Amino acid sequence: MKGAKVVERMNERSEEMATEVTNLILYGIYKVLGAGARGLGNSIGEELLHAMMEEYGLNFEGSGDPQELLNRFTDVMINTFGFAERGEIDVEGNRVTLKLDNPMDLHALQLLEKKGMKPVLYPMANAIAVAIKKFSGKNVLIKDIRVHDRHVEVEMLILG
Amino acid sequence: MFENVIADLLRVDGVKGVAVVSKDGLLIEGQASDRTIDVENVAAMVATIYGTALNVSKEVFHEEAVDMVTLESPKGKIITVEAGENAVLTVITDPRVNLGLVRIYLKRNAQKVASML
Amino acid sequence: MLHGRYVEVVTSFSDPLDLGGRVREGYLHVAWRDGADLKGGYLLVREGEIVGAIAENILQGEVLKGEKALNEILTAVRKGLIKAVEIYEANVDEILEEHPSARVEVDDRGTSGERDINSLLLLLREHRGNVEVRNGPKAWGIYVEKGRVKAARTLAGSGERGDRAVKEMLREMGKIVRDGEYTTRGSLEFSPGDAVEDGDVLLEGLELLREKQRIEKGF
């Protein structure tokens, strides 16, 4: 049998469907890799940071202090990308907690949790970790990702 | 910070590369005596292999715990152990390395890494 | 790799050499990056004193023992390249039997000219108490604590005290290292007028002298 058929889009692209497909991809990755999905975090963070810097012209050069980098990154994430409604950074020694109110990926993370999968990677936090490593030379570990009803908390540890 | 750990493992005959990797796939510190090995590139894969092994263990043994993950190829071995809650320690070796000795050194140094993180 | 019982790894310290006192007998294992090289070293310690040293370039496989190794490790310490120190308990005599050339001498007496500037540097860094330095008709008495001179006076010669005595000694340092003698024996007493304010200058001067010697020797 041999044949061909061409289908052309008649309606507007469905953003809702695109998001759903992305969520399902994420779900598939988590389902198979489980904790292994965490290992993808740094690579995703690298790509995200690259995109933010190269494609959107964001510049983190000249700020070698992890705290300053974190502040600048959060500012860009909220005000330039509108990733979340509000961001809050809490620093205690080398432990940093980033709290994001109503972030874009809240629904996807809640979906995972509903299916019994604890989120192990958070691209924005991974991008912050890569930025801090790149500009200050300090390693950042993402210790915990906590998903709540209206916000997400990411706990990070900055190594000396 | 982990130069001691890396030096200790690189002194073992047959060990060609050592990496301390966060479970997010970030290379915390690493070194290879063989210039063809890029530990930075290996880091994310090693973290994913270790994490996936944890998931397999969970699925099969109903317990998310793995002592050691060994990848054996005709050209060499990659051995990974957990180093605390957030990192793994991995070595890349020749195919005919003394596995018992490597395991002892890996375990000992994984404890050091865990205590330093 | 030396045998021994692992005690702990320390990442927070002001001077890694201070950690030698944490074991009665054993060694400190350190490693550091020097450009593209990864280097490591062992400092054998007994009762808080360094009695032996081994240093190696891990990637090249080159090994140094004794004074040269100690010098290599002390240079890394001074440059702040050492981030972690592992402490091991071990039988130091057994290690020195296996590696006799690793031994370093930290005598309380001797002629500087017979050894090199490193011995004097090591003595000043490690010793806490009096040191008497003689060079021909001139002599100085100093009180040191881990490399810092707290008090000084001339024992023979000009009669300088305090910082001026240290500076005079520094001016003569080249000759002292070559022909002089020093000892930690004997009793010395100091008075308030002998107090030294610029306590780091002697060690810094000696380190500069060592650098100068190295450059003159073409490393």
Side-chain angles (χ1 to χ4, degrees), chain A residues 26-50 66 93-96 98 112 115-145 154-160, chain B residues 1-6 19-31 38-67 69 71 78 80-90 110 112-117:
Chain A
L26 196 61
Y27 170 67
I29 290 172
Y30 267 76
K31 194 176 171 186
V32 176
L33 299 183
R38 187 175 173 184
L40 306 173
N42 188 59
S43 300
I44 294 170
E46 271 176 10
E47 292 307 317
L48 184 56
L49 182 69
H50 181 78
N94 63 344
R95 196 173 289 264
V96 178
L98 176 68
L112 284 172
K115 290 178 186 278
M117 296 174 196
K118 184 167 168 47
V120 288
L121 62 92
Y122 201 77
M124 278 297 175
N126 289 121
I128 291 175
V130 175
I132 291 176
K133 169 95 175 184
K134 193 176 164 84
F135 297 111
S136 79
K138 290 190 189 280
N139 290 302
V140 178
L141 298 179
I142 297 168
K143 283 190 78 84
D144 199 15
I145 300 160
V154 185
E155 196 179 313
M156 293 176 274
L157 195 68
I158 299 175
L159 303 180
Chain B
M1 191 174 174
F2 298 106
E3 290 92 348
N4 284 22
V5 166
I6 292 165
V20 180
V21 181
S22 83
K23 285 185 180 171
D24 306 305
L26 173 84
L27 176 71
I28 296 173
E29 202 156 336
Q31 181 80 50
D38 184 342
V39 281
E40 186 118 35
N41 281 344
V42 174
M45 297 174 208
V46 160
T48 307
I49 289 172
Y50 186 83
T52 308
L54 276 177
N55 205 34
V56 173
S57 164
K58 187 180 162 190
E59 193 67 31
V60 177
F61 305 119
H62 310 293
E63 196 186 343
E64 208 178 73
V66 170
D67 284 338
V69 177
L71 187 155
I78 299 174
T80 307
V81 294
E82 189 169 56
E85 209 183 318
N86 295 296
V88 294
L89 175 63
T90 195
K112 284 182 214 162
V113 173
S115 72
M116 290 159 80
L117 284 176

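In what follows, chains are A, B, ... by sequence order, proteins preceding strands, each numbered from 1. All values reported here derive from a predicted model rather than from experimental measurement.
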Subject >> Between A/Asn94, A/Leu157, A/Val32, the one whose heavy-atom pairs under 4.5 Å with chain B are most numerous >> reply: A/Val32
Subject >> chain B contact via A/Val140 - which portion, at a heavy-atom distance below 4.5 Å >> reply: backbone
**OP:** Write out, in numerical order, the residues from residues 39-50 of chain B with a heavy atom short of 4.5 Å from a heavy atom in chain A.
**Re:** B/Ala44, B/Ala47, B/Thr48
Original post:
Run the side-chain contact (heavy atoms from CB on, under 4.5 Å) check on A/Leu121 and A/Asn126 step by step: do they pass?
Top reply: CA-CA 7 Å; A/Leu121 62 92; A/Asn126 289 121; 4.0 Å; yes
Original post:
So, for B/Ala87 and B/Ile28, which heavy atoms are closest and what is the spacing to 0.1 Å?
Top reply: CB-CD1, 4.4 Å
Subject >> A/Lys143 atom NZ, neighbour heavy-atom count above 12 within 6.0 Å >> reply: yes
Original post:
Crowded around A/Lys118 NZ? As in, over 12 foreign heavy atoms under 6.0 Å?
Top reply: yes
Original post:
With the threshold set at 4.0 Å, does a side-chain nitrogen-carboxylate oxygen contact exist between B/Lys23 and B/Glu82?
Top reply: yes
**OP:** Please say which of A/Leu48, A/Asn42, A/Leu49 ends up in a side chain to side chain contact (heavy atoms under 4.5 Å, CB included) with A/Glu46.
**Re:** A/Asn42
**OP:** Below 4.5 Å from any heavy atom of chain A, which atoms of B/Leu54 appear? Answer side chain, backbone, both or neither.
**Re:** side chain
**OP:** Side chain from CB out, backbone as N, CA, C, O: work out which of these in A/Lys138 comes under 4.5 Å of a heavy atom of chain B, or both, or neither.
**Re:** neither
**OP:** Please determine, among B/Leu26, B/Val56, B/Val21, the option with the most heavy-atom pairs under 4.5 Å with chain A.
**Re:** B/Leu26
Subject >> Step-by-step side-chain contact (heavy atoms from CB on, under 4.5 Å) determination, B/Phe2 to B/Leu117 >> reply: CA-CA 10 Å; B/Phe2 298 106; B/Leu117 284 176; 3.8 Å; yes
**OP:** Consider only side-chain N and O atoms of A/Arg38 and B/Asn86, and report whether a donor and an acceptor are under 3.5 Å apart.
**Re:** yes
